[in-house]
Amino acid sequence: MRTVLSRLKAAYPVAECALHHESPFQLLAATILSAQCTDARVNQTTPALFARFPDAPALATADVKEVETLVQSCGFFRSKAKNLVGMATALVERHGGEVPRRLEDLVTLPGVGRKTANVVLGVCFGIAEGVVVDTHVGRISRRLAFTTESDAVKAERDLCELLPRSRWVSFSHRLILHGRSVCDARKPRCGECVLRSVCPRVGVGGTGEE
DNA sequence: ATCCCGAGGG
DNA sequence: CCCTCTGGAT
């Protein structure tokens, strides 16, 4: 594990969130939009959205149809638009229009699950409630045999036991970067992988996830 | 054709 | 546990 962390750090020195935002509210909205969608696409979408609805009070009173049009290209646009307005409404009604700092509060917001909540807590507030387990973190953690769980919550429990808390946030960011650039789902580029020597699946064939 | 920095619902 | 929502990228 120590080897993995140091090599990831060397390969991806900057472990920052790629979603453009100017406030916790905007990161929360951007992360909701990022489901099954690239960051680049989200970053193309949010400027117009935030120009029109810069904060929770504004978005809470928005017309859902207008929001649908603004977020259309991110996919799942009907549910995302409804969740964005519902999320903003809940912030206004229950949290004074601000983003709460507790995981248990965040996950009750429409469209906000554990993954989104952990991203916001880690990036905006520096709080590591858990490890962000998205599709990349889950896939690579299974390939490296850090977990055998396909369920994100169970995989997160394994990773939290394996990693010091101080590394939880940066570990997720770096695995996500690694997943996009090298260890992708379809055709991982093992020849360029800095984790090659510690990866059980190198030279074995198969995905390591069977 | 298959996957993507998910979440909600049955 | 499964299904659905959806456009975009490869």
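In the text below, chain A, chain B and the rest are named by the order of the sequence lines, each starting its count at 1. Keep in mind that the numbers below use all heavy atoms, side chains included, and drop hydrogens, waters and symmetry copies.
Applying the 4.0 Å criterion to OP1 and OP2 of B:dC4, one finds that A:Thr135 has a side-chain N or O inside that range. Phosphate contact (OP1/OP2 of B:dA7, side-chain N/O of A:Arg114, threshold under 4.0 Å): absent. In terms of phosphate contacts, A:Gln36 brings no side-chain nitrogen or oxygen within less than 4.0 Å of OP1 or OP2 of C:dT6. The side chain of A:Arg41 places no N or O atom within less than 4.0 Å of a non-bridging phosphate oxygen (OP1 or OP2) of B:dC4.
Residues A:Leu103 and A:Arg114 form a side-chain contact, since some pair of their non-hydrogen atoms from C-beta on lies under 4.5 Å apart. Taking the side chain as every heavy atom from C-beta outward, A:Arg180 and A:Thr38 never approach each other to under 4.5 Å.
B:dC4 atom P lies 13 Å from atom CZ of A:Arg180, rounded to whole Å. If you measure from atom CZ of A:Arg78 to atom C1' of B:dG8, you get 16 Å, rounded to the nearest angstrom. Atom CG in A:Asn43 sits roughly 14 Å away from atom P in C:dA9 (whole-Å rounding). The NZ atom of A:Lys82 sits 9 Å away from the P atom of C:dT6 (whole-angstrom rounding). If you take CG of A:Asn83 and P of C:dT6, they are 11 Å apart, rounded to a whole angstrom. Atom pair A:Leu109:CG and B:dG6:P shows a separation of 18 Å (rounding to whole Å applied). One interatomic measurement links the two molecules: CE of A:Met87 to P of B:dG6, which rounds to 17 Å at whole-angstrom precision. Atom CG in A:Leu28 sits about 15 Å away from atom P in B:dG6, given to the nearest Å.
Nearest-nucleotide assignment on DNA chain B puts the 5′-proximal partner with A:Gly179, out of A:Gly179 and A:Val107. The 5' end of DNA chain C is approached more closely, in terms of each residue's nearest nucleotide, by A:Asp151 than by the other of A:Asp151 and A:Thr38. For the pair A:Phe76 and A:Gln44, nearest-nucleotide mapping onto DNA chain C gives the more 5' position to A:Phe76.
A gap of 22 Å separates the C1' atoms of C:dC1 and B:dC4, to the nearest Å. Spacing of P atoms, B:dG10 relative to C:dT6, comes out at 15 Å, to the nearest Å.
Relative orientation of the A:Phe171 and A:Phe146 rings is tilted, given thresholds of 30° and 60° on the angle between their planes.
In this structure, A:Thr116 reaches the sugar-phosphate backbone alone: every heavy-atom distance under 4.0 Å involves primed, P, OP1 or OP2 atoms, never a base. Contact annotation for A:Val112: backbone-only contact, meaning every heavy-atom pair under 4.0 Å involves sugar-phosphate atoms and none involves a base.
A donor-acceptor contact under 3.5 angstrom links the side-chain atoms of A:Arg186 to the base of C:dT10.
A:Leu175 approaches A:Ile140 most closely through the heavy-atom pair O-CD1, 3.3 Å.
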Residues A:Asn118, A:Val131; criterion side-chain contact (heavy atoms from CB on, under 4.5 Å); working and verdict: CA-CA 7 Å; A:Asn118 275 326; A:Val131 176; over 6 Å; no
